[in-house]
Amino acid sequence: MLDDTIVAISTPPGEGGIALVRVSGSQALEIAAQFIETRAGKELADLESHTLTLGLVKDHDNQIVDEVLVGIMRAPRSYTGEDVVEINCHGGTLATRKALDLALQAGARLAQPGEFTRRAFMNGRIDMVQAEAVIDLIRARSEKALALSAQNLQGYLSKSVKQVEEQLILVNSRIEASIDFPEEVGDPPWEEIELSLAAARSQLQALVAGGKRTRVYRDGVKAAIVGKPNVGKSSLLNVLVREDKAIVTEIPGTTRDVIEDYINIKGFPVRIMDTAGIRATQDTIEAIGVGKTRAAIEKAEIVLFLVDASTGLTEEDNEILRDIEQSRKLIIINKDDLDSKLIDEEEIKAKFPGVQVIKVSAREETGIDHLENVLAEIIEGEFVQEERGQALMVNARQEQAIAAVLENVEDAIKGVRNRSPVDGIAVDTWGAVSWIEELTGKKIKADVIDKIFSDFCIGK
């Protein structure tokens with residue numbers, strides 16, 4: 001697979017200032033030379049690595065397709081570790097597509113999703129943790145997530161687990177020596193081994209704690225806007241996402257499905273969900289929407305319950321509120337701009353002690369800053385773990401692997417303290433090393449690799 005040369009458009013579709021066609025592989029320069037001429041008359045093969053050269057893309061009839069800048073990066077000092085040619089076209093769809101077609105006709109193969117990054121991994125330029133950091137970087141929903149992803153791309157998590165791996169390999173070598181040469185070596189140095197294993201456990205626990213602390217920056221917090229029909233749920237969603245995401249009318253029951261988007265609340269990504277109004281209804285479609293609303297409430301970590309200042313707190317509101325756990329709900333009094341208000345804030349606080357009550361006007365966009373500040377305080381207090389160790393981005397696969405390493409190390413420590421048979425302790429330490437190799441990709445199953453890179457876009 002690595003013997004062929006791949007090509008893809010590496011910029012989003014549509015018009016723009018620049019569009020990039022990337023070619024990577026052992027024949028990248030030869031393939032690009034078949035349809036690119038440099039303005040200076042030099043052959044692409046004669047250009048120095050890491051240079052930009054003005055050139056012309058020409059079709060088979062020698063007609064000029066585009067004037068481009070050609071970037072040359074020779075192996076192994078490129079993104080993929082292979083020879084790479086990057087063709088910077090003017091950002092028009094037709095010219096870019098034509099350059100791609102010419103590369104395919106010249107012998108390149110269309111790249112699969114994530115194949116450029118996959119080649120970087122296969123060629124040893126990055127490990128699997130760094131490869132996964134690329135997709136985290138692209139999908140980052142907050143500045144903190146961006147910084148943590150960039151940290152992993154630079155190898156922070158990889159270096160941390162490799163330090164543990166080195167400790168475990170040293171421990172295992174001492175244990176294996178006592179197994180293979182019992183008369184010459186004697187018993188393993190139990191106290192030194194226990195100290196090394198304890199140090200490894202401490203490092204792993206710090207990684208686990210750091211990953212838990214920052215999970216919110218990766219996955220975000222799910223928040224559902226809930227209430228009876230026509231209290232302004234869709235209006236509030238539109239204000240929070242800063243666009244007309246949901247239809248707003250005076251007709252109750254307009255929203256029939258769950259509408260959601262990600263927003264950034266003071267640096268925290270929040271998956272905000274606008275839901276259908278909850279009420280008894282004979283309308284089949286509306287009833288389905290109400291069912292989806294109840295499902296959204298179940299999976300939401302924060303429930304923003306809207307009540308209408310102009311109608312007061314009704315028995316319908318009370319019934320819905322009673323069904324939502326106190327720890328997860330925030331009561332929002334909407335339409336606070338109206339002169340005639342039937343809401344008694346103190347009555348609400350008395351009925352639902354400990355629940356925060358906030359006044360807003362979605363129409364006038366007042367009270368929104370206060371709402372966002374309260375949401376940020378809740379997220380920071382409830383979902384950001386206490387700071388223990390370095391903060392880092394850890395995905396589900398990595399979290400599972402680190403937990404398995406830690407479990408094996410703890411089993412090894414128990415074995416040392418109980419003076420269990422040394423071959424059993426060796427199994428535990430090698431088990432931990434194997435999970436580290438799975439984490440970094442040194443030894444990883446092909447189907448896992450396929451799954452990881454299937455999440456990438458074509459061209460990355």
Side-chain angles (χ1 to χ4, degrees), residues 124 126-133 148 151-216 218 384-445 448:
I126 58 175
D127 66 16
M128 188 55 74
V129 175
Q130 291 172 297
E132 290 173 300
L148 292 170
Q151 179 179 270
N152 272 358
L153 185 58
Q154 296 303 309
Y156 173 79
L157 178 56
S158 302
K159 290 173 185 175
S160 298
V161 295
K162 283 175 183 176
Q163 288 173 358
V164 175
E165 183 181 26
E166 289 170 1
Q167 286 178 306
L168 295 174
I169 290 173
L170 180 59
V171 166
N172 195 266
S173 67
R174 292 181 172 181
I175 294 172
E176 293 284 357
S178 69
I179 295 173
D180 296 337
F181 309 102
E183 294 182 3
E184 295 88 341
V185 176
D187 291 335
W190 294 118
E191 292 183 1
E192 290 181 25
I193 287 175
E194 186 173 348
L195 286 173
S196 295
L197 290 172
R201 178 176 61 182
S202 180
Q203 284 181 274
L204 291 166
Q205 288 172 335
L207 293 178
V208 170
K212 285 182 178 179
R213 176 176 170 256
T214 56
R215 188 178 297 162
V216 63
R218 176 186 173 85
V384 178
Q385 306 292 321
E386 284 186 26
E387 186 166 354
R388 286 183 57 208
Q390 176 69 45
L392 73 157
M393 187 72 78
V394 177
N395 64 28
R397 186 192 75 86
Q398 295 161 358
E399 186 175 13
Q400 179 189 33
I402 293 171
V405 177
L406 181 57
E407 182 180 355
N408 276 274
V409 168
E410 288 178 336
D411 286 343
I413 290 173
K414 290 176 185 176
V416 170
R417 288 177 178 171
N418 296 331
R419 297 297 187 264
S420 300
V422 288
D423 53 348
I425 300 171
V427 168
D428 291 329
T429 54
W430 271 124
V433 171
S434 296
W435 273 105
I436 291 176
E437 292 176 340
E438 174 85 11
L439 173 63
T440 59
K442 190 183 296 183
K443 292 182 181 178
I444 187 170
K445 296 176 182 177
V448 176

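You'll find the side chain of Pro188 reaches within 4.5 Å of the side chain of Val422, heavy atoms only. No side-chain heavy atom of Ile193 sits under 4.5 Å from any side-chain heavy atom of Ser196. Under the 4.5 Å side-chain criterion, counting only non-hydrogen atoms from C-beta, Leu197 is not in contact with Gln167. Looking at heavy atoms from C-beta onward, Ile402 lies out of side-chain contact with Ile436 at the 4.5 angstrom threshold. Looking at heavy atoms from C-beta onward, Lys162 lies in side-chain contact with Asp127 at the 4.5 angstrom threshold. Using a 4.5 Å cut-off on side-chain heavy atoms (C-beta onward), Val161 and Val405 make no contact. Taking 4.5 Å as the limit, every side-chain heavy atom of Asn172 sits out of range of all side-chain heavy atoms of Val433.
Residues Ala426 and Ile175 come closest through the heavy atom pair CB-CG2, 3.9 Å. Considering all non-hydrogen atoms of both residues, Ser160 and Leu207 come closest at CB-CD2, 3.9 Å. Scanning all heavy atoms of the two residues, the minimum distance from Leu168 to Ala200 falls at CD2-CB, 4.4 Å. The shortest non-hydrogen separation linking Gly211 to Val394 is CA-CG2, 3.9 Å.
Between the side chain of Asn418 and the main chain of Ser420, no donor-acceptor pair closer than 3.5 Å is present. Not one N or O on the side chain of Glu410 forms a donor-acceptor pair closer than 3.5 Å with the backbone of Glu407. Listed for the Glu438 side chain is no donor-acceptor partner under 3.5 Å among the backbone atoms of Ile444. In this structure, the side chain of Thr214 engages the main chain of Leu392 through a donor-acceptor pair within 3.5 Å. Although no hydrogens or angles enter the test, the distance criterion places a donor-acceptor pair under 3.5 Å between the side chain of Gln398 and the main chain of Asn395. Under a 3.5 Å cut-off, the side chain of Asp428 and the backbone N or O of Asn408 do not form any donor-acceptor pair. Under the 3.5 Å distance criterion, the side-chain polar atoms of Ser434 are matched with a main-chain donor or acceptor of Trp430. No donor-acceptor pair under 3.5 Å is formed between the side chain of Ser202 and the backbone N or O of Ala199. Looking at Arg201, its side chain never comes within 3.5 Å of a backbone N or O of Leu406 through a donor-acceptor pair.
One finds the CG atom of Leu204 at 11.0 Å from the CD atom of Gln163 (value rounded to the nearest 0.5 Å). The distance from the CG atom of Asn152 to the CG atom of Leu157 is 5.0 Å, given to the nearest 0.5 Å. Gln130 contributes atom CD, which lies 14.0 Å from atom OH of Tyr156 (distance to the nearest 0.5 angstrom). If you take CD on Glu132 and CD1 on Ile126, they are separated by 10.0 Å, rounding to the nearest 0.5 Å. Asp411 contributes atom CG, which lies 11.0 Å from atom OG1 of Thr429 (distance to the nearest 0.5 angstrom). The distance from the CG atom of Leu439 to the CE atom of Met128 is 10.0 Å, given to the nearest 0.5 Å.
Under a 4.0 Å N-O distance rule, the pair Glu165/Lys442 qualifies as a salt bridge.
Checking Arg218, Lys212, Arg215 one by one against Glu399, the salt bridge (Lys or Arg N to Asp or Glu O under 4.0 Å) holds for a single residue, Arg215.
Under the side-chain hydrogen bond (donor to acceptor under 3.5 Å, both in side chains) criterion, Glu437 pairs with no residue, sequence neighbours left out.
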